[in-house]
Each structure stands twice: as C-alpha cells, then as structure tokens.
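The next block holds one structure in the form of structure tokens; read it before the comments.
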Amino acid sequence: MKVDERRVRGLNDRAAGGGPVVYWMSRDQRVQDNWALLYAQEKALERRVPLYVIFNLFRISDRANTRQYRFMFAGLKEVEGSLEALSIPFTVLFGAPEDVIPVFVKKHNVGEVVVDFSPLRYARTRRTKVATQLSCAVTEVDAHNIIPCWKASDKEEFAAYTFRPKVHRALSEFLSDFPKLKKHPHEGGLKTKPTDWGAYLKQLSLEELNDTAFAAGEKAAHKHMAAFIKARLDMYHEDRNDPTKNGVSGLSPYLHFGQLSAQRVAYEVNKTLDNNKEAREAFLEELIVRRELADNYCFYNKKYDKVEGAHAWAQKTIAEHKEDVREYLYTKNQLETAKTHDDLWNAMQLQMVQEGKMHGWCRMYWAKKILEWTPDAQTAVDIALYLNDKYELDGMDPNGVTGVMWSICGVHDRAWNERHIFGKIRYMNYAGAKRKFDIKTYIQRYAPNDTLFDNN
DNA sequence: ATCGGCTCGCGCAA
DNA sequence: TGCGCGAAGCCGAT
C-alpha cells in the first residue's frame with residue numbers, strides 16, 4: 001500500500017538525489033501509523049538507499065516546561081529503540097534547524113528530506129528556512145490529520161458546520177488502516193549511539209529527568225486508547241462536559257506530540273461498532289472534525305492568534321467594547337498564581353498547573369474569564385496562550401490556539417446577545433457552571449498549595 | 001424542567 | 001433572494 005500522494009507536497013522544487021532518505025521527525029513522534037515515515041521508507045526502498053530519522057532539538061520557546069520535555073523525551077527514547085529494531089538509525093541534531101540540518105545533509109550526501117506537517121507559524125518558518133537552503137528535495141507529508149489539511153478544504157472554514165460535510169465526504173477515502181513500517185534493508189554510513197537524554201535536559205537548562213505523572217510514548221498511548229474505548233467511550237456523550245467525572249478521553253497529550261495517530265484512534269473506534277452510537281459520534285466529532293478544523297484555521301489564517309484573525313462581526317463587537325470598564329483587573333502573575341476572586345476559576349488554573357491538563361469544558365470558562373478580567377481582548381489572548389503553552393502538556397498546538405480564539409474572539413462561533421465587555425461574544429458564567437456540575441467537588445479537588453509555584 | 005429569544009452570515013436551494 | 005442552522009450559553013417566562 002502506497003502513501004496517498006495527496007498527503008504529500010514539495011517544500012522546494014529541487015530534485016531528489018541518489019543518497020539516503022532522511023525523515024525529519026517533528027510533530028509526529030511515533031514509529032508506527034506515521035505517513036511521513038512510511039513515505040520516507042517508500043522512497044528509500046524505491047531508490048535502494050538507507051533511511052535515517054533525525055530529531056532537531058533546541059529551545060523553541062521560553063514557555064515550554066520540564067514536564068513537557070520529560071513527556072517528549074520519554075516518547076523519543078522509545079522511538080529510538082523501536083527504530084533500532086528496524087535497522088533505522090535515529091539521531092538528535094542539536095541547534096537551530098537551518099544550521100544543523102544542512103550540515104547533516106551535506107555530510108551524509110542525503111538525497112531527500114521528508115518532514116511532517118504543522119500549520120503553526122514557528123514550525124512552518126523552520127521548514128521553509130531549511131527547504132530554501134538545501135539543494136536536495138524537501139518534502140512535507142501531513143501525518144497528523146486523517147484528511148490532509150490542504151485537501152480537506154482549500155480555504156479557511158467559517159465554522160464547524162461548513163467544514164463537517166467536507167470531512168465526512170472525504171473520510172471514506174482516508175480513514176484506513178496503516179501498513180507496517182518494515183525492517184530497512186539498506187544500511188548506510190551513519191553510526192549512532194544511544195542518546196543521552198539527561199544531558200540534553202541539562203543543555204536546555206531543565207531539571208533532571210524524573211518520573212512523570214503520565215506514562216508517555218507510543219506503547220502507553222495505545223494502552224490508554226484501548227482502555228478508553230473499552231471502559232469509558234460509551235459514556236462519552238454524557239460525561240465529557242462534567243469536570244468532576246473522568247468522562248474525557250485524556251488522549252490529547254499523546255495526540256499533540258504525535259505519540260498516537262488520530263487516524264489510529266478513529267480506526268479502532270469504528271472497528272468496534274458495538275459501542276454506543278451517540279457516544280461514538282460525539283467522540284469522533286471532537287477527535288476528527290474539531291481537531292482538524294483547528295489545523296485548518298491555523299493553516300489558512302496568518303493572524304490566527306490575533307484579534308484581527310477573527311470574524312468581522314467579532315472584531316467589530318470587540319472594538320466597540322474595548323473601553324468598557326472591567327470590574328476586576330488581574331495581572332498575568334495574579335492569574336498564573338490563581339489569585340482571583342473566583343474560586344472555580346482558581347481551581348481550573350490549579351488543575352492545569354498541577355496536572356498539566358485542564359478539563360475541556362473548563363478551558364472555555366477559563367479563557368472567557370480572562371477576557372473579562374484583563375484590559376483588552378488581545379491581552380487576554382496573549383495571557384491565555386502563554387499559560388496554555390507553559391502548563392498544558394498539549395500546549396503549543398493548533399487545538400489550544402483555536403480553543404482560546406473561540407472563547408475570546410468568537411472564532412468558528414456565532415454572535416450572541418450583546419452584553420458588557422463581551423459584546424456579542426458568547427458569555428459564560430459561574431451560574432452556568434453551577435447548573436452543569438458539582439462545582440464544590442471540583443474546587444475542593446484542586447485546593448491551593450503554597451509550594452506549587454516555587455519550582456517554575 | 002423546558003422553551004424561546006438573543007444575533008450573524010455561510011451555503012445551498014430556487 | 002430566502003432560509004436553515006450553527007463548537008459546548010444565558011436568562012426569564014411558563
């Protein structure tokens with residue numbers, strides 16, 4: 001089974017040479033179920049050349065924290081081992097990609113570089129810089145979305161309802177099983193030794209590698225997925241919006257780092273049609289339609305994290321309410337340390353800091369309150385994304401960007417009735433949360449802990 | 001407990 | 001040109 005060419009696009013117009021094929025692993029950090037890696041092997045087998053996998057490491061953001069790096073490194077360590085068993089050398093290249101990747105390519109006479117796809121600004125800039133510099137072909141494969149981002153739609157979608165029919169039409173073509181990655185038969189000159197991940201943590205000025213609260217990596221992801229499908233999927237439609245229940249899948253960290261393929265999850269869910277139909281459809285709506293809509297938004301909207309990226313009606317209403325007096329005004333630090341008058345909001349912030357994960361429903365309430373309590377919408381977006389990227393295990397992801405923009409700037413949403421500060425942006429409040437779930441239980445669970453912020 | 005109004009614009013039918 | 005309906009709500013009337 002060949003990789004669908006619609007997943008693939010050239011990032012420069014250079015021809016592939018006769019040297020080894022390199023997969024530059026970035027967003028999709030897994031060995032199986034990875035169309036970019038499968039494509040790289042397909043090309044290497046056609047040309048009878050070696051296949052190498054590289055991971056480029058450097059401090060991409062001062063926001064990223066030790067928890068995220070631990071999670072990522074644990075996954076990469078497993079990747080390294082799995083690749084070794086398939087005779088595919090793996091190596092880390094440390095430094096700015098436009099510096100270190102061309103050096104590697106030259107040294108090993110690489111014929112083609114294959115990279116996975118991300119719609120985020122920093123990721124695209126890195127890929128473009130490298131593609132421009134190299135004299136061999138640089139090819140991008142969308143290994144993250146079930147339907148390749150540029151194929152699902154050729155424009156920025158207005159809302160989920162405009163995107164949904166396109167996705168459902170294309171699913172029958174793209175929602176397949178994956179072929180297995182093969183043991184690679186062509187050996188090359190790259191000799192690697194086991195990566196010293198602890199040394200890289202030091203180099204990045206991060207703490208030593210300790211046990212993480214989450215089991216990271218491909219194997220753990222599959223175990224988590226199987227357990228969710230078996231035990232909790234059937235209640236998903238009823239429990240997912242209650243933060244006191246364990247109703248959500250908990251798969252987003254694995255999906256974010258690409259340790260798990262969304263296509264694999266969707267395929268496995270569809271395989272067992274004895275599950276509850278309503279639950280299955282609600283879950284697949286979030287896993288596929290809303291997640292891939294987030295990629296669509298960031299891919300086609302250059303101002304995806306700016307008020308200017310929002311719908312015209314939203315920009316207008318935000319401008320009209322810019323001068324509205326805010327009853328509560330908090331600084332970034334007050335918000336970060338959960339020192340607001342709202343015990344429910346504080347508990348949400350504390351859940352995120354403590355667990356690296358905030359419940360999906362809470363993320364909406366949380367972001368909307370930041371709009372209410374900061375001087376203007378852009379400040380709110382900036383703070384929400386800063387906190388999201390710093391504390392969430394699934395930070396630095398189109399899902400987080402789109403979620404924040406939905407909450408604060410009405411992206412993919414409709415106008416609602418006019419009110420103070422929010423204008424026509426959908427409003428959410430404490431009373432609504434009270435109606436929905438037992439907020440007392442939730443608040444008590446994440447009681448403040450004075451030592452929390454000392455380690456950051 | 002349930003329902004309608006709030007409010008905007010896309011996409012499709014005609 | 002008209003019309004249905006939408007990413008998770010709120011509020012007041014019944």
Side-chain angles (χ1 to χ4, degrees), chain A residues 152-170 235-245 247-249 252 255 262 278-298 300-301 304 307 309-321 342 344-345 348 358-372 381 384 388 394 397-437 439 442:
Chain A
S153 173
D154 58 7
K155 61 169 186 181
E156 180 189 341
E157 289 296 330
F158 184 75
Y161 76 92
T162 61
F163 190 53
R164 190 175 298 112
K166 298 179 185 183
V167 168
H168 283 289
R169 272 198 297 275
M235 292 302 290
Y236 185 78
H237 59 306
E238 287 187 6
D239 290 352
R240 66 177 157 157
N241 280 340
D242 185 339
T244 64
K245 291 184 180 162
V248 293
S249 76
S252 69
L255 292 168
E278 218 180 316
R280 182 176 69 239
E281 281 172 359
F283 177 65
L284 291 178
E285 165 75 11
E286 299 209 6
L287 178 76
I288 306 174
V289 176
R290 296 186 195 177
R291 199 183 43 77
E292 305 211 349
L293 179 60
D295 262 38
N296 169 277
Y297 171 67
C298 293
Y300 288 112
N301 193 325
Y304 60 68
V307 171
H311 292 150
W313 67 262
Q315 289 191 54
K316 186 163 170 271
T317 198
I318 286 167
E320 283 168 2
H321 290 270
D342 179 334
L344 178 60
W345 191 94
M348 294 172 180
M358 192 194 297
H359 187 279
W361 187 89
C362 298
R363 292 189 192 205
M364 299 187 288
Y365 179 94
W366 174 85
K368 284 182 181 292
K369 292 297 131 184
I370 300 179
L371 170 62
E372 204 174 325
V381 168
N388 178 77
D394 62 6
D397 190 283
N399 288 319
V401 173
T402 310
V404 163
M405 291 300 284
W406 178 86
S407 303
I408 297 174
C409 297
V411 165
H412 300 148
D413 204 8
R414 53 187 276 211
W416 295 83
N417 53 331
E418 189 78 29
R419 71 163 57 231
H420 193 57
I421 301 175
F422 284 80
K424 288 168 181 166
I425 304 292
R426 185 195 298 254
Y427 176 64
M428 286 172 82
N429 67 1
Y430 200 89
K434 250 182 172 164
R435 249 180 268 128
K436 258 195 151 55
F437 63 95
I439 60 170
Y442 182 82

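Each chain gets a letter, A, B and so on, in the order its sequence line appears, and its residues count up from 1. The figures here come from the full heavy-atom set of this structure, side chains too, leaving out hydrogens, waters and symmetry mates. Computed from a predicted model, the values in this text were never measured in an experiment.
For the residue pair D242(A) and Y442(A), no side-chain donor N or O sits within less than 3.5 Å of a side-chain acceptor on the partner. Between the side chains of H311(A) and W313(A), at least one donor-acceptor pair of N or O atoms lies under 3.5 Å. Side-chain atoms of Y236(A) and E278(A) include no donor-acceptor pair closer than 3.5 Å. When only modelled atom types and interatomic distance are considered, H237(A) and E281(A) share no side-chain donor-acceptor pair under 3.5 Å.
Nearest to the side-chain atoms of W416(A) among the listed nucleotides dG11(B), dC6(B), dC11(C) stands dC6(B). When the nucleotides dC8(B), dC10(C), dA7(C) are ranked by their closest atom to the side chain of H412(A), dA7(C) comes out on top. The side chain of K424(A) sits closest to dT7(B) out of dC11(C), dA7(C), dT7(B). Of all nucleotides listed (dC10(B), dC10(C), dT7(B)), dC10(C) comes nearest to the side chain of M428(A). The side chain of N429(A) has dC11(C) as its nearest neighbour among dG11(B), dC11(C), dT7(B). Distance from the side chain of R290(A) is smallest for dA7(C) among the nucleotides dC11(C), dA7(C), dC6(B). Here the side chain of A160(A) is nearest to one of dG11(B), dA7(C), dG6(C), namely dA7(C).
Regarding contacts with the backbone of dC11(C), a side-chain N or O of R435(A) is found under 4.0 angstrom from either OP1 or OP2. Between K368(A) and dG9(C), a side-chain N or O to OP1/OP2 separation shorter than 4.0 Å is absent.
The distance from atom CH2 of W313(A) to atom C1' of dC10(B) is 14 Å, rounded to the nearest whole Å. Taking atom CD of residue E157(A) and atom C1' of nucleotide dG9(B), one finds them 14 Å apart after rounding to whole Å. Atoms CG (L293(A)) and P (dC10(B)) sit 15 Å apart, rounded to a whole Å. The distance from atom CD of E156(A) to atom C1' of dG9(B) is 14 Å, rounded to the nearest whole Å. Regarding M364(A), its CE atom lies at a distance of 9 Å from the C1' atom of dG9(C), rounded to whole Å. Look at CZ on F158(A): it is 11 Å from P on dC8(B), rounded to the nearest Å. Atom CG in D154(A) sits roughly 14 Å away from atom C1' in dG11(B) (whole-Å rounding). Rounded to whole angstrom, the span from the CZ atom of R414(A) across to the P atom of dC10(C) amounts to 14 Å.
Ring planes of H412(A) and Y297(A): perpendicular class, angle over 60° (limits at 30 and 60°).
Pairing partner, dA7(C): none, since no Watson-Crick or wobble contact has both distances short of 3.5 Å. Under the Watson-Crick or G-U wobble criterion, with both distances below 3.5 Å, dT7(B) has no partner in any strand shown.
Residue contacts for R240(A): at a heavy-atom cut-off of 4.0 Å it reaches no nucleic acid atom on any strand shown. Using a 4.0 Å heavy-atom cutoff across all strands shown, Y427(A) reaches sugar-phosphate atoms only and no base atom. Across all strands, R164(A) comes closer than 4.0 Å only to sugar-phosphate atoms, never to a base (heavy-atom distances). Backbone-only contact: K155(A) has heavy atoms under 4.0 Å from sugar-phosphate atoms and none from a base. Residue contacts shown for W406(A) include a base, since a base heavy atom lies under 4.0 Å away. N241(A) comes within contact range of at least one nucleobase, with a heavy-atom separation under 4.0 Å.
Between dC5(C) and dA14(B), the two P atoms lie 14 Å apart (nearest whole Å). Here, dG9(B) and dG9(C) have their P atoms 22 Å apart, quoted to the whole Å. Between the P atoms of dC12(B) and dA7(C), the separation comes to 15 Å (whole Å). dG4(C) and dG4(B): their P atoms are spaced 15 Å apart (whole Å).
Remark: side-chain polar atoms of N296(A) are not paired, donor with acceptor, to backbone N or O of E156(A) under 3.5 angstrom.
No hydrogens or angles were tested; on distance alone, a donor-acceptor pair under 3.5 Å links the side chain of Y161(A) to the base of dG9(B).
In summary, E320(A) and K316(A) engage in a salt bridge, as defined by a charged side-chain N under 4.0 Å from a carboxylate O.
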